[in-house]
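So the structure is just underneath, and the comments pick up after that.
Nothing here was measured: the structure is a model prediction, and the numbers come from that model.
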Amino acid sequence: MSQLQNKQRHLITVTNPRSTVSEAFRALRTNIDFSSIDEKIQVIMVTSSGPEEGKSTVTGNLAVAYAQADKKVVLIDADLRKPTGHRTFSLSNRFGLSSLLSQQANLDEVIQVSGVPNLSIITSGPIPPNPAEMIASNRMSATLQELRQRFDIILIDTPPLLAVTDAQIMSSKSDGVIMVVSYGKVKRDIAVKAKASLDRVGARMLGVVMNNVKRKASEGSYYYYYGN
Amino acid sequence: MLSQELDLRDYFRIIRKRLWLIVGIVIIACGIAGIYSVYIKNPVYEASTKIIVNQTPNQTASAQLDLNQINTNIQLINTYKEIIKTPAILDMVVSQYPKFNLTTDELMQKVNVSSVNNTQVMTLSVRDNSYQQAAEIVNAISLIFKQEIPNLFSVQNVSILNEAKVNPPQAPEPVAPNVLLNLAIAFVVSLMIGLGIAFLLEYLDDTLKTEAEIEQILGLPTLAMITRVGPEEAKAGEQVAALQSRKTGELEHVTVAK
């Protein structure tokens, strides 16, 4: 618990579950659950057009929100270029996705427990020289198949769309893609380009998460503390 | 913005968003105008004489006021106004008063002639950085003008009503720079520029900001709007977490106490 307090400051769903921001993540969880009626959304990928828009924060908090809803959740840090998942949850990154895909470890070895009940983490592992090929590999698909049996929800954090192709490849293996858009940071044509790159590989877009919204701008959205 | 037309509320929102930019521009502009007016620009003083245009009684048959005569004089004023500002007069001023150390053109810049409609009085005013100099110049011009008019019009109908006092009892206030006027102009102009910049920046800002824009540009629904985690919220979170770790199992009590 002390570990959580010190290093998981941006996992607001853990530190302050009653805040409006945590409520927004629960709303996100609900909206994802209801965005598809016929197909089951089990593998959810989170990406954005550019770097530092809050992909990892959104993924982490969404994973916690799912875990708090008594779902068995695994978070995969598939950003094999600038991984952050291990830092968010204060975990070791000695073994992770890259070690699994390069057959240096098996699945049970790379699934780590987080401080949050129901939530497991697969960190990125050591940074490999060929991330795109690793993600495109059959072993990646097989791993996801295996995880589908073990977990209710599989959340995947990926690199930005326009910088590298990893997210595009990963989106074709996912049931749904969430695009994080940082408020007032993403130009229209950039967003359109990012979405087009996902459309080209036939990704199933669930919707957009607007991140870093200024408090004043959201005042019209009736996000306030309900209850005490 | 869904359409290019802006709602009145949008105008207020844009102004409020960049209020500090606008206020900053206005303050800087007014500050510069104030400093320029008070400290940098030399004060300008104005001295004036009044010249009356009227036929002297000995030139007319009767001493009675003749309405036609008055009208003629009023018409003449327009002509005189032009004559004063010609080199014909000003050259003589320059040559007869070398102490002013001015050229004809410089003199022309300083002289202003005006008349009130339907009166026979015209006002000759001169602006200069020194009041004394201005008074001397305006007196000189009036004198030369009075002397020269008979040569040009062969009528003696100009007399000087009052001369400018070279050494007035009270120190005259400068007419320029008008500090208040300059400040007012600076305020209005900088406010317009500030508003213009604010709206230009808003127009040039094509980043995604609202759910409506995302729906329109990307055709995707917005699943959540996540606000920045403010410092007070993070702090509150730490407190809650700290309390929770101490009083495990008493969550309800902790939140009520908060």
Contact leader toward chain B among A:Asn31, A:Val209, A:Asn212, where contacts are heavy-atom pairs under 4.5 Å: A:Asn212
Atom CE of B:Met108 with >12 non-hydrogen neighbours under 6.0 angstrom: yes
Heavy-atom closest contact (A:Leu28 atom, B:Ala224 atom, distance): CB-CB, 3.6 Å
A:Glu52 CD: over 12 foreign heavy atoms closer than 6.0 Å: no
Distance, nearest 0.5 Å, that separates CZ of A:Phe25 from CG of B:Leu223: 12.0 Å
Under 4.5 Å from any heavy atom of chain B - which part of A:Lys195: side chain
Of A:Val208, A:Ile190, A:Val181, the residue whose pairing with B:Leu208 passes side chain to side chain contact (heavy atoms under 4.5 Å, CB included): A:Val181
Atom pair CG (B:Asp205) and CZ (A:Arg188), whose distance is rounded to the nearest 0.5 Å: 8.5 Å
Non-hydrogen side-chain atoms of B:Leu218 and A:Met179 separated by less than 4.5 Å: yes
Closest heavy-atom pair and its distance - A:Ala24, B:Ile226: CB-CG1, 4.0 Å
